[in-house]
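Owing to the predicted nature of the structure, the values given are computational and were not obtained by experimental measurement. Residue indices begin at 1 and follow the sequence shown.
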Amino acid sequence: PTHFLRGFGGGARQLAAMVAHTCIGRLVERGGVYMGMVLTKRPKTVLFTSLFTAAVLASGIVTNFQMEARSTFLYTPQHAHLAQLRDDMWDTFGETPDPFIVIVSRADGGNVARKDVLLRLFALHDQIMQTHAAFTREEPGGMSTTLHVGLEDVCFRRYVHELERSVCGVSSVLQLWLYDREALEGDSEQEVVRKITEAHKNHEVDLGGAQELDDGRVVAGAYVLMYYLSKQNSNYDNGMTLTWE
């Protein structure tokens, strides 16, 4: 990141933003201490103020209030050069996809780098790909339409030359078999372990708690499945993506 910022002339502006961010952090800390003292000295005033604020927000007087939960905004100083680069990139290429993450491990905490575990993982993956949820969309005139939303309606898509079509973006150990269950079933246990071991050493897959044994084999405690959801279509903003999740 340091070389990246220097390449774009971050220099003094980035340093100034870091200093400002540090000062803001101290002010927030002191403000928290002050609020704690107020709470202990004037609990009734604080309670009344909280109720009044809640009533104002519920009345609809404040219309431009928006909660921010995206880490890329919360943990990057808004005037930093890095934040400017992020905004420029998003304005040009659109926001990065939102990952829907599934962590999979065995109930007994055992090794997941096995063929039988991968076959169960395939079953879970197929279930996620085929999952549909009912989404009610309001239409003009007070009418409503119920749609059945699947991953293909909300996912981040990319064209794959090998398949000659666009597919939903997915990242998992199953990519070693191109998401073909029959290809996995055709491999022996030794071949499965060999592929996982080589992929891990080449940093091609993510394995939780991976350890290399004396014979060179890799064992692991968990897999991660990531399904990328698009932020660039209307379904992300109208609640359809959230309904599917």
Spatial distance of atom [atom1] ([X]) from atom [atom2] ([Y]) [nearest 0.5 Å]:
X: Y159; Y: R165; atom1: OH; atom2: CZ; value: 10.0 Å
X: Y227; Y: S172; atom1: OH; atom2: OG; value: 6.0 Å
X: T131; Y: H148; atom1: OG1; atom2: NE2; value: 13.5 Å
X: H200; Y: R217; atom1: NE2; atom2: CZ; value: 13.5 Å
X: F135; Y: D153; atom1: CZ; atom2: CG; value: 11.0 Å
X: L118; Y: R181; atom1: CG; atom2: CZ; value: 10.5 Å

Does a side-chain heavy-atom distance below 4.5 Å link [X] with [Y]?
X: D98; Y: T241; value: no
X: F156; Y: K231; value: no
X: K201; Y: E212; value: yes
X: L229; Y: E245; value: yes
X: L225; Y: V170; value: no
X: V149; Y: T243; value: no

Using a 3.5 Å distance criterion without hydrogens, assess whether the side chain of [X] forms a donor-acceptor pair with backbone atoms of [Y].
X: R157; Y: S166; answer: yes
X: T197; Y: V218; answer: yes
X: N111; Y: A113; answer: yes
X: Y223; Y: L121; answer: no

Cluster question for you: counting only ILVMFWY and a side-chain heavy-atom cut-off of under 4.5 Å, with indirect links fine, are [X] and [Y] together?
X: V219; Y: V192; answer: no
X: W244; Y: L242; answer: no
X: V104; Y: I128; answer: yes
X: V117; Y: L119; answer: yes

Nearest heavy-atom pair of [X] and [Y]: which atoms, and what distance?
X: L151; Y: M129; answer: CD2-SD, 3.4 Å
X: V112; Y: G221; answer: CG1-O, 3.8 Å
X: L207; Y: A220; answer: CB-CB, 3.9 Å
X: K115; Y: E185; answer: NZ-O, 3.0 Å
X: E204; Y: Q175; answer: O-NE2, 3.2 Å

### Task
Taking the six-membered ring for Trp and the full ring for Phe, Tyr or His, determine whether the centres of W177 and F122 are under 6.0 Å apart.
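Not close enough - the centres of the two rings lie 6.0 Å or further apart.
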
Are there more than 12 heavy atoms of other residues, nucleotides or ligands under 6.0 Å from atom [atom1] of [X]?
X: D214; atom1: CG; result: no
X: E182; atom1: CD; result: no
X: R106; atom1: CZ; result: yes
X: Y34; atom1: OH; result: no

### Task
Kindly write out the residues that satisfy ring pair (Phe, Tyr, Trp, His ring centres under 6.0 Å) with Y179, not counting sequence neighbours, or none if the list is empty.
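Applying ring pair (Phe, Tyr, Trp, His ring centres under 6.0 Å) to Y179 gives H125.
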
### Task
Please report the C-alpha distance between E152 and H132 in whole Å, then the side-chain angles of each, then the deciding distance to 0.1 Å, and finally whether the side-chain contact (heavy atoms from CB on, under 4.5 Å) criterion is met.
CA-CA 10 Å; E152 65 277 4; H132 287 75; 3.2 Å; yes

### Task
Quick one: which residue pairs count as a disulfide bond (SG atoms under 2.5 Å apart) with a foot in residues 141-206, not counting sequence neighbours?
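Only C155-C168 qualify under disulfide bond (SG atoms under 2.5 Å apart).
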
### Query
Can you name the residues that form a salt bridge (Lys or Arg N to Asp or Glu O under 4.0 Å) with E191, not counting sequence neighbours?
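For E191, the residues satisfying salt bridge (Lys or Arg N to Asp or Glu O under 4.0 Å) (neighbours in sequence not counted) are R194.
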
